[in-house]
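To start, the structure under review is shown below, and the notes come after it.
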2 protein chains.
Amino acid sequence: MPKIVDKAKMRDTILDAAMTVFAEHGVHASSVSDIAQAAGLAKGTLYLYFDSKEAMTTAIVDRHFAALEAQIARGAPGETLNGFLEDLRRTMDIPAEQSSFHRVFFEVFGPSFASDAFTSHVAGFFDRLGAHYAERITHLQDLGEITPHHHAPSIGRVLASMMDGVVLHRGLFGIAERRHQRMIREAVAVLGDGLRPLPPGPE
Amino acid sequence: MPKIVDKAKMRDTILDAAMTVFAEHGVHASSVSDIAQAAGLAKGTLYLYFDSKEAMTTAIVDRHFAALEAQIARGAPGETLNGFLEDLRRTMDIPAEQSSFHRVFFEVFGPSFASDAFTSHVAGFFDRLGAHYAERITHLQDLGEITPHHHAPSIGRVLASMMDGVVLHRGLFGIAERRHQRMIREAVAVLGDGLRPLPPGPE
DNA sequence: GCTTATTATGACCGACCGGTCATTTTGCCG
DNA sequence: CGGCAAAATGACCGGTCGGTCATAATAAGC
């Protein structure tokens with residue numbers, strides 16, 4: 001007898017509206033009322049689907065990072081260092097369109113770095129990314145493709161940081177396509193030579 | 001006849017207090033009263049030195065960038081790869097206290113990434129940093145300390161990005177001291193092996 | 001020690017904001 | 001239809017915060 005609503009879809013609708021409002025004025029300058037208005041709902045209704053404003057921002061980030069995470073998981077295990085390096089290169093070689101999102105992301109969610117909840121969400125993503133790399137590195141070490149004396153978890157995590165730096169700079173500072181290509185090519189080459197156990201073969 | 005005060009020093013004192021409070025709770029969650037209390041002054045007094053809370057945050061970032069810029073210029077030329085690597089390590093090995101600045105930076109200036117002027121200001125800093133590294137790399141290539149086949153400007157710039165990533169993650173995600181130490185040690189080791197012209201000697 | 005311009009104070013104000021809840025609306029089902 | 005539970009509403013509340021201003025304290029020069 002009661003009225004029925006697709007809660008998942010409703011949450012998505014609200015998140016979309018929130019993202020629109022946030023993009024316009026920034027998170028902290030946007031009130032919950034603003035979001036409600038953009039969603040065509042009353043403020044109280046939002047609280048039926050989210051516990052707080054912060055829960056909304058967190059959910060938006062979740063959504064974004066969940067997509068990223070799926071992308072990572074798709075990465076095949078790989079039996080060669082070169083394959084691994086190629087994966088790194090491809091990860092940093094994001095399309096210009098997607099890279100401009102980072103600027104918006106920081107513009108919109110920069111203020112959210114005040115929140116511990118928000119920060120640990122993002123931190124969790126990079127920890128998982130680092131762990132993923134560590135796993136692959138360990139595997140390649142077992143195969144003799146990577147020098148064994150490296151501490152895989154540390155390398156994996158710092159690799160995630162470094163790659164984030166490269167991708168971030170590309171997006172934030174609008175580094176041109178050609179220049180970016182050269183940068184990531186050199187970076188991958190240096191990292192490869194650093195990880196490879198044998199002296200680099202001649203080109 | 002009147003009471004006299006060193007306004008510049010007073011502004012600095014207030015900024016120091018503000019930075020301390022911001023680092024603790026974030027800018028948005030910090031009230032002007034909190035800052036006043038930390039500075040040992042009354043709220044009204046702060047408004048004799050700054051027009052608004054926002055003016056304080058802007059002044060903090062100005063100060064920070066000016067200091068960073070000076071630090072870069074100080075970097076000695078260096079005649080060995082190991083010396084260069086040690087410089088890189090030291091640059092990433094920032095004190096935890098200073099690293100909390102990054103969180104504040106993104107919180108305050110995240111929204112400013114909408115502005116091209118602001119963005120190129122920051123981009124300029126990293127371009128200069130990359131050029132500085134490129135110069136040192138070229139010099140080390142001439143000395144045979146670094147493989148000659150690398151494109152120094154690209155390596156230099158991507159090095160700046162990667163190091164920014166590492167420093168950023170440390171600050172934003174509060175990576176613990178020991179873990180951070182291990183990460184940068186491994187990163188420097190890999191980069192060193194990647195840049196070194198001869199096969200890495202056995203350990 | 002008195003004068004006076006400068007500096008310091010903190011109670012106060014108006015505005016706003018996140019979140020609640022009593023009430024109303026909606027729409028499924030018998 | 002009409003009954004009813006789920007869903008939606010928005011006025012309202014408690015609290016906070018940035019900024020002001022009338023008043024008090026301070027110290028330099030006479």
Which pairs, protein N/O on one side and nucleotides 12-17 of chain D N/O on the other, fall under 3.5 Å?
none

Hey, is B:E86 close enough to B:R90 for a salt bridge, meaning N to O under 4.0 Å? yes
Toward the 5' end of DNA chain C, by each residue's nearest nucleotide, A:V27 or A:L48: A:V27
Would you please name every residue forming a side chain to side chain contact (heavy atoms under 4.5 Å, CB included) with B:L68, sequence neighbours left out? B:H64, B:Q71, B:F125
Looking only at side chains, do A:H139 and A:E145 share a donor and an acceptor under 3.5 Å apart? no
Under the side chain to side chain contact (heavy atoms under 4.5 Å, CB included) test, which residues partner A:D62, sequence neighbours left out? A:T58, A:H121
B:L46 has an atom CG; how far is it from atom P of C:dG10, in whole Å? 12 Å
Atom CG of B:L41 and atom P of C:dT7 are separated, to the nearest Å, by 13 Å
Within the structure shown, what part of the strands sits under 4.0 Å from B:S52 by heavy-atom distance: base, sugar-phosphate, or nothing? sugar-phosphate
Here the residues of residues 17-25 of chain B within 4.0 Å heavy-atom distance, strictly under, of DNA chain C are none
What contact category does A:Y49 fall into here, base, sugar-phosphate, or nothing, at under 4.0 angstrom with non-hydrogen atoms? sugar-phosphate
Provide the full list of ring pair (Phe, Tyr, Trp, His ring centres under 6.0 Å) pairs with a residue in residues 151-180 of chain B, sequence neighbours left out, each pair given once. A:F126-B:H169, A:F126-B:F173, B:H169-B:F173
May I have the list of side-chain donor-acceptor pairs in residues 14-25 of chain B shorter than 3.5 Å, sequence neighbours left out?
residue : atom : partner : partner atom : Å
B:D16   : OD1  : B:R63   : NH1          : 3.1
B:D16   : OD1  : B:R63   : NH2          : 3.0
B:T20   : OG1  : B:D16   : O            : 3.0

State whether A:R170 and A:E177 are salt-bridged, where the test is any N-O pair (Lys NZ or Arg NE/NH1/NH2 against Asp/Glu carboxylate O) under 4.0 Å. yes
Side chain of A:Y47 - closest among C:dT9, C:dG19, D:dT20: C:dG19
Whole angstroms only, please: what is the CD1-C1' distance between B:I14 and D:dG19? 15 Å
B:M56 CE to D:dG19 C1': how many Å, rounded? 10 Å
Short side-chain donor-acceptor distance under 3.5 Å, A:S31 and A:D34: yes
Between A:T45 and D:dA7, is there a side-chain N or O to OP1/OP2 distance below 4.0 Å? no
Indicate, with a heavy-atom threshold strictly under 4.0 Å, whether A:M10 touches base, sugar-phosphate, or nothing. sugar-phosphate
Atom-to-atom span, CD1 of B:I35 to P of D:dG19 - whole angstrom: 10 Å
B:K9 NZ to C:dT7 P: how many Å, rounded? 16 Å
Does A:D193 pair with A:R196 as a salt bridge, N-O distance under 4.0 Å? yes
